[in-house]
**Student:** 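Please read through the structure below; I'll follow up with questions.
Naming convention: chains lettered A, B, ... in sequence-line order (proteins, then strands); numbering from 1 in each chain. Fair warning: this is a prediction, and the values are worked out from it, not measured in the lab.
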Amino acid sequence: MAEGRPNEEAERVLAAIRQAVVQEAPLEVVGAGTKRGLGRPVDSADRLDLSGLTGIDLYEPEELVLRAGAGTPLAEIEAAAAENRQHLAFEPPDFGPLYGGEAGRQTIGGVIACNLAGPRRIQAGAARDHFLGVEAVSGRGEAFKAGGRVVKNVTGYDLCKLLAGSHGTLAAMTRITVKILPAPGKIRTVMVLGLDDEAAGAAMRAAMGSPYEVSGAAHLPAAIAAENPVDMVRDADGAATLVRVEGPGPSVEARAASLHALLSEHGRTEELHSSRSGALWRHLRDAAPFAAETGRPLWRVSVPPTAGAALAARIAASGPVRHCFDWAGGLVWLELPDESDRARATLVRAAAADAGGHALLLRGSVELRAELPVFQPPSPGRAALTARIKDAFDPRGILNPGRMYPEG
Amino acid sequence: MQMPEPDRSVQDRAPEIVRGLRSILAGEAVIAGEAELRAYECDGLTAYKALPMAVVLPSTTEEVARVLRFCKSQGVKVVPRGAGTSLSGGTLPLVDGIVLGLGKFNSVLEIDFENRCAVVQPGVTNLAISQAVDHAGFYYAPDPSSQIACSIGGNVAENAGGVHCLKYGVTTNNLLGVELVTMEGEVLRIGGKGLDAEGYDLLGIVTGSEGLLGVITEVTVRILRKPETARAVLIGFPSNEQAGDCVAKVIGAGIIPGGMEMMDKPAIRATEDFVHAGYPLDVEALLIVELDGPKAEVDHLIETVATIAAACGAVYTRASENEDERLTFWAGRKAAFPAIGRISPDYFCMDGTIPRHRLPEVLTRMAELSAKYGLRVANVFHAGDGNLHPLILYDANAPGELEKAEEFGADILRLCVEVGGVLTGEHGVGVEKRDLMPAMFSEEDLKQQQRVKCAFDPEGLLNPGKVFPVLHRCAELGRMHIHRGQMPFPDLPRF
Ligand SMILES: Cc1cc2nc3c(=O)[nH]c(=O)nc-3n(C[C@H](O)[C@H](O)[C@H](O)COP(=O)(O)OP(=O)(O)OC[C@H]3O[C@@H](n4cnc5c(N)ncnc54)[C@H](O)[C@@H]3O)c2cc1C
């Protein structure tokens with residue numbers, strides 16, 4: 001625990017941003033740099049490296065809070081939490097390998113800035129929902145804080161929400177306070193075999209509509225299931241629909257049994273215990289089925305759960321695609337074979353919008369990400385408001401210019 | 001309470017403005033008679049009152065947009081209002097402004113069990129959402145004690161919480177989308193039935209913005225399947241310290257109860273006299289701990305909690321054996337405010353949050369303050385998350401008592417901040433805590449928040465005088481001071 005050091009580093013960040021403002025020299029903001037491939041290429045020569053802002057300076061397990069420098073490796077935070085049988089309930093994914101990098105290097109700041117969340121999103125929310133307080137330096141070169149270090153707080157605007165998912169375009173976060181919760185004792189996964197995408201969607205929604213506190217609902221079509229590192233999924237010899245329950249032992253057993261009964265109406269069921277379940281959901285969390293071919297464009301589409309299967313079918317009708325579902329069908333992963341077919345990229349966008357959702361080009365070459373919008377293009381009203389919010393934090397376009405939208 | 005200097009040029013045009021509003025809305029939807037306006041002079045914070053120029057009650061989004069465009073063109077301030085249960089004066093009218101009431105937006109528009117959400121108009125009450133989905137075994141999780149009256153639009157604006165929010169989250173964690181009309185009269189749809197935001201999290205910033213960023217005209221909330229069972233246990237302790245210790249140990253054991261509430265002796269006495277919930281009267285502190293989930297889990301955890309409580313020195317433990325009993329346990333806690341209302345002509349409800357382990361110290365200092373001001377205080381709080389509700393008892397008709405109660409309240413909130421907590425956990429800043437904001441935020445912090453306000457409402461016409469102690473002009477806030485290649489005070493430590 002490096003008391004004091006983050007403050008010096010934070011002073012350095014403040015000074016660097018002030019200098020950039022004066023010199024009108026934009027900065028690319030990076031933590032460990034594991035997700036530099038997420039977003040449009042940034043128009044700047046200089047980098048603002050936040051990886052020196054390390055150290056957990058407050059962790060009170062019984063208060064459910066942890067505060068750390070924004071550059072603290074997530075792995076360090078997860079290890080400290082695990083010692084107290086706690087965790088970050090939003091299940092932060094590690095996308096390092098999706099971009100051809102190593103796993104285990106990302107910082108807490110990067111996770112929050114991209115508002116990432118894993119399969120437990122459907123139950124526990126995303127990074128935004130666990131982000132309690134922040135100290136940051138705006139693109140105006142001013143240090144500010146927002147939120148607090150208690151789990152319940154409505155004092156002033158919730159600027160944390162704006163910073164989560166702003167991809168470093170509003171402020172450089174220097175210190176972060178998060179909610180940290182008890183980790184579940186046991187995990188069970190009920191697997192339904194051989195369902196097509198539509199039938200799997202119905203099964204996942206039935207599970208979500210049950211009182212059994214489902215904490216994960218994903219569907220792997222046969223081609224993806226066949227490559228799974230977990231033997232029981234791989235050997236399923238067809239599609240696998242996966243429903244997770246977690247908690248204290250007796251409760252998990254009771255709920256898994258009830259889910260068996262419920263889901264057996266949809267297809268043949270099997271059950272995975274804690275160690276296989278752990279490996280399986282880590283794999284899904286990290287979108288690992290798409291880590292092998294890092295040259296292929298990868299889309300992450302967020303839609304109402306009932307719309308997921310039809311969306312995937314629409315893309316599949318236009319040509320080959322590797323896909324799978326998380327969030328009970330509300331998150332669709334789509335990997336296209338190559339970038340050259342720009343018409344299909346346009347189709348993904350249109351299909352997402354038609355389904356009442358939006359698509360993020362999570363991975364693509366620099367050229368592709370410079371040419372195509374990476375984030376769903378906003379409506380004119382939303383675009384104008386987005387620009388005014390950017391202006392409120394970073395009027396001179398110093399921080400990550402162009403990362404989210406070409407205009408800023 | 002100092003409100004922004006009224007704009008005389010607007011006040012003088014009141015009749016003309018009312019005529020203009022009547023050209024947009026049908027006759028009875030524009031209220032301008034003094035007697036009728038009285039019904040809107042204050043909200044749940046009854047200490048502050050003012051009469052607006054008019055109250056308008058539009059019934060469609062288009063009407064809201066037209067009213068806002070008209071008000072913008074005339075420089076008329078607008079105070080949005082849901083059910084008026086705010087405890088921080090969020091809907092306090094402005095004499096040179098109008099109140100825009102959303103009472104006519106009272107329909108449940110769509111229930112979508114497959115996507116686990118409900119689309120409702122903002123004037124629908126919190127409880128009505130749960131009632132609308134109850135037949136299928138679903139409910140809406142955040143449950144403020146005011147849930148029979150408060151509107152979901154008001155809940156979004158205040159980011160309301162409830163007794164179940166430690167486990168299920170507050171409003172912001174249970175919201176999927178809103179339709180928002182800006183002061184310019186532009187209609188924005190934010191979010192929908194999917195989970196993640198596209199671009200900046202506008203839904204997140206609008207939630208808890210206290211009516212300062214836009215008028216909410218539609219809300220999509222997440223609904224949950226009701227737990228299979230729920231049981232509550234009453235636990236009495238001879239001291240507040242022991243009760244606080246028990247709360248910490250329960251959470252330390254990895255248990256997040258559905259609800260965990262605490263009351264001190266004066267609150268126990270007042271609620272028991274009022275609703276006869278069967279609370280023990282010979283204890284200093286009472287916990288209500290609710291466990292929910294599958295029966296196997298609940299029965300197992302009730303045992304664990306009882307064991308922890310005994311080790312912490314509990315002298316009274318009683319678990320609910322059926323649903324009626326569980327609801328009776330809660331009836332007392334949920335009626336705490338009216339119960340206090342019976343024993344005192346007036347009361348202020350404070351709402352600070354503290355790191356829980358500072359509780360004994362905060363309660364001791366609160367007792368000292370109570371003696372110093374000569375005013376009684378009763379405490380109910382959301383023990384799991386450290387959100388305190390000290391109720392300060394006073395008599396507004398006794399000369400000087402209101403001012404004394406205000407000062408007492410301010411001292412309590414400053415104490416909360418001093419121990420690492422915050423001014424408000426769920427009731428909002430409004431006018432009530434506005435001038436205390438500098439106790440928690442620096443000038444830079446507050447300016448950054450106001451710049452966000454400027455992005456939505458550059459002329460500051462929406463609910464001005466709330467939340468921010470000093471109103472800066474947006475042009476001034478936007479300016480950057482760079483002089484001869486230097487920014488001011490580069491060496492000043494900021495952290
Ligand atoms: C007895 C009692 C118990 C309470 N218990 C709790 C509790 O347990 N938890 C809790 O969190 N709160 C509680 N409250 C406070 C209050 O009920 C909540 O803040 C509630 O969310 C306010 O809803 P409302 O519809 O009454 O809003 P109002 O009081 O009408 O308005 C509140 C604020 O929201 C704005 N607003 C309202 N509607 C809109 C809209 N459609 N668009 C934009 N802005 C809008 C207003 O301008 C104002 O600033 C309690 C209040 C009382 C009187």
**Student:** Please say which of B/K295, B/H300, B/E297 ends up in a side-chain contact (heavy atoms from CB on, under 4.5 Å) with A/S251.
**Tutor:**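 For A/S251, the side-chain contact (heavy atoms from CB on, under 4.5 Å) check succeeds only for B/E297.
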**Student:** Nearest 0.5 Å, what's the CZ-CE distance between B/R225 and A/M208?
**Tutor:**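 One gets 12.0 Å once the value is rounded to the nearest 0.5 Å.
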**Student:** In terms of side-chain heavy atoms, does B/H357 have a donor or acceptor partner in A/E63 at a distance below 3.5 Å?
**Tutor:**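 A donor-acceptor contact under 3.5 Å links the two side chains.
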**Student:** Could you grab the distance from atom OG of A/S379 to atom CZ of B/R189, nearest 0.5 Å is fine?
**Tutor:** 11.5 Å
**Student:** Against chain A, work out which of B/A296, B/A136, B/P294 has the most heavy-atom pairs shorter than 4.5 Å and name it.
**Tutor:** B/P294
**Student:** Against chain A, label B/N387 side chain, backbone, both or neither, depending on which of its atoms sit under 4.5 Å from a heavy atom there.
**Tutor:**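 For B/N387, the contact with chain A is made by the side chain alone.
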**Student:** What's the shortest heavy-atom distance between B/L423 and A/T155, and which atoms?
**Tutor:**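 In terms of heavy atoms, the two residues are closest at N-OG1, 3.6 Å.
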**Student:** Check each atom of A/Y212 against the heavy atoms of chain B and say whether the ones under 4.5 Å are side chain, backbone, both or neither.
**Tutor:**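 For A/Y212, the contact with chain B is made by the side chain alone.
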**Student:** Please classify the contact of B/L446 with chain A as side chain, backbone, both or neither, using a heavy-atom distance under 4.5 Å.
**Tutor:** neither
**Student:** Examine whether an atom of B/I205 lies under 4.5 Å from a heavy atom of chain A, and if so say whether it belongs to the side chain, the backbone or both; otherwise answer neither.
**Tutor:** both
**Student:** Which region of B/R434, side chain (C-beta onward) or backbone (N, CA, C, O), has a non-hydrogen atom less than 4.5 Å from a non-hydrogen atom of chain A, or is it both or neither?
**Tutor:** neither
**Student:** Among B/G199, B/G208, B/G252, B/G386, single out the residue with the greatest number of heavy-atom pairs under 4.5 Å to chain A.
**Tutor:** B/G199
**Student:** Donor-acceptor check, side chain of B/E444 to backbone of A/K145, threshold 3.5 angstrom: yes or no?
**Tutor:**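 A pair under 3.5 Å: no.
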**Student:** Specify which of A/E213, A/Q19, A/R128 makes the most heavy-atom pairs with chain B at under 4.5 Å.
**Tutor:** A/R128
**Student:** How many angstroms lie between atom CG of B/D385 and atom CG of A/N153, to the nearest 0.5 angstrom?
**Tutor:** 11.0 Å
**Student:** Look at B/A455, B/A197, B/G169 and state which one has the largest set of heavy-atom pairs under 4.5 Å with chain A.
**Tutor:**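 Highest number of pairs under 4.5 Å: B/A455.
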**Student:** Between A/K152 and B/G161, which heavy-atom pair has the shortest distance, and what is it?
**Tutor:**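 What the structure gives for the nearest pair is CE-CA, 4.4 Å.
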**Student:** B/E158 versus chain A, heavy atoms under 4.5 Å apart: side chain, backbone, both or neither?
**Tutor:** backbone
**Student:** Centroid-to-centroid, B/F468 to A/Y157, below 6.0 Å?
**Tutor:** yes
**Student:** Please classify the contact of B/A248 with chain A as side chain, backbone, both or neither, using a heavy-atom distance under 4.5 Å.
**Tutor:**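 Both parts, heavy atoms under 4.5 Å.
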**Student:** Report which part of B/E186 has an atom under 4.5 Å of a heavy atom belonging to chain A: side chain, backbone, both, or neither.
**Tutor:**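 Answer is side chain: those atoms of B/E186 sit under 4.5 Å from chain A.
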**Student:** Where does B/L224 contact chain A at under 4.5 Å (heavy atoms): side chain, backbone, both or neither?
**Tutor:** neither
**Student:** Given a strict heavy-atom distance threshold of 4.5 Å, which part of B/F113 is in contact with chain A: side chain, backbone, both, or neither?
**Tutor:** neither
**Student:** Among A/D391, A/V151, A/V21, A/L162, who wins on heavy-atom pairs under 4.5 Å with chain B?
**Tutor:**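 Highest number of heavy-atom pairs under 4.5 Å: A/L162.
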**Student:** Heavy-atom cut-off 4.5 Å, strictly under: side chain, backbone, both or neither for A/R255 against chain B?
**Tutor:**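 Contact with chain B is through the side chain of A/R255 alone.
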**Student:** Below 4.5 Å, heavy-atom pairs only: which of B/K447, B/R222, B/E184, B/Q450 has the largest tally toward chain A?
**Tutor:** B/R222
**Student:** Is the side chain of A/R388 donor-acceptor paired with the backbone N or O of B/P458 at a distance under 3.5 Å, no angle test?
**Tutor:** no
**Student:** B/D196 and A/L331: side chain to side chain contact (heavy atoms under 4.5 Å, CB included), yes or no, with the steps?
**Tutor:** CA-CA 9 Å; B/D196 268 359; A/L331 178 66; over 6 Å; no
**Student:** A/S302 and B/L195: which non-hydrogen atoms are nearest, and at how many Å?
**Tutor:**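 Closest pair (atom of A/S302, atom of B/L195, distance): OG-N, 3.7 Å.
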**Student:** Is B/M437 in contact with chain A via its backbone, its side chain, both, or neither, using a 4.5 Å heavy-atom distance?
**Tutor:** side chain
**Student:** Between B/R356 and chain A, with a heavy-atom cut-off of 4.5 Å, which part of the residue counts as in contact: side chain, backbone, both or neither?
**Tutor:**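 For B/R356, the contact with chain A is made by backbone and side chain together.
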**Student:** As an exercise: rank A/V65, A/V303, A/T306, A/D158 by heavy-atom pairs under 4.5 Å with chain B and give me the winner.
**Tutor:**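 With the most close heavy-atom pairs to chain B, the winner is A/T306.
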**Student:** Which atoms of A/E60 come close to chain B, meaning under 4.5 Å heavy atom to heavy atom: side chain ones, backbone ones, both, or neither?
**Tutor:**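 When you check distances to chain B, only side chain atoms of A/E60 fall under 4.5 Å.
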**Student:** Which residue out of A/A164, A/S166, A/A359 racks up the most heavy-atom pairs below 4.5 Å with chain B?
**Tutor:** A/S166
**Student:** Quick one: which of B/G254, B/P227, B/G352 has the most heavy-atom pairs under 4.5 Å with chain A, could you say?
**Tutor:**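 Option with the greatest count: B/G254.
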**Student:** Drop me the distance from A/L385's CG to B/I190's CD1, to the nearest 0.5 angstrom.
**Tutor:**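 One finds 7.0 Å between CG of A/L385 and CD1 of B/I190.
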**Student:** Restricting to non-hydrogen atoms, name the atom on A/L159 and the atom on B/Q449 that form the minimum distance, rounded to 0.1 Å.
**Tutor:** CD1-CG, 3.9 Å
**Student:** Rounded to the nearest 0.5 Å, what separation is found between the CZ atom of A/R382 and the CD atom of B/E198?
**Tutor:**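 Reported to 0.5 Å precision, the distance equals 4.5 Å.
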**Student:** Between B/Y200 and A/T169, is the side chain to side chain contact (heavy atoms under 4.5 Å, CB included) condition met? List the steps.
**Tutor:** CA-CA 10 Å; B/Y200 293 151; A/T169 60; 2.7 Å; yes
**Student:** Which atoms of B/V422 come close to chain A, meaning under 4.5 Å heavy atom to heavy atom: side chain ones, backbone ones, both, or neither?
**Tutor:**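 Its backbone and side chain both get close to chain A.
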**Student:** At a 4.5 Å cut-off on heavy atoms, which part of A/I122 comes close to chain B: side chain, backbone, both, or neither?
**Tutor:** both
**Student:** Could you pull out the closest heavy-atom pair between A/V154 and B/V429, with the gap in Å?
**Tutor:** O-CG2, 4.4 Å
**Student:** Give the member of A/N115, A/L64, A/L181 that has the highest number of heavy-atom pairs under 4.5 Å with chain B.
**Tutor:**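 With the most close heavy-atom pairs to chain B, the winner is A/L64.
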**Student:** Give the minimum heavy-atom separation between B/Q448 and A/A392, together with the two atoms involved.
**Tutor:** NE2-O, 3.0 Å
**Student:** Identify, with sequence neighbours excluded, every residue that meets side chain to side chain contact (heavy atoms under 4.5 Å, CB included) alongside A/L362.
**Tutor:** A/L38, A/F95, A/L98, A/Y99, A/L298, A/R300, A/W333, A/L360
**Student:** Name the region of B/C165, side chain, backbone, both or neither, that has any atom closer than 4.5 Å to a heavy atom of chain A.
**Tutor:**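 Contact with chain A: side chain only.
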**Student:** Taking B/G204, B/G425, B/C474 one by one, which has the highest count of heavy-atom pairs under 4.5 Å against chain A?
**Tutor:** B/G425
**Student:** Report which part of B/K466 has an atom under 4.5 Å of a heavy atom belonging to chain A: side chain, backbone, both, or neither.
**Tutor:** neither
**Student:** Distance from A/R140 atom CZ to B/M480 atom CE, nearest 0.5 Å?
**Tutor:** 5.5 Å
**Student:** Heavy-atom distance under 4.5 Å to chain B: side chain of A/P305, backbone, both or neither?
**Tutor:** both
**Student:** Given side chains that start at C-beta, do those of B/I482 and A/E24 come closer than 4.5 Å, heavy atoms only?
**Tutor:** no
**Student:** Count the heavy-atom pairs under 4.5 Å between each of A/S210, A/A328, A/G356, A/P250 and chain B, then report the option with the highest count.
**Tutor:**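 Of the candidates given, the most pairs with chain B belong to A/S210.
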**Student:** Is it true that atom CD of A/Q23 has more than 12 heavy atoms of other residues, nucleotides or ligands lying nearer than 6.0 Å?
**Tutor:** yes
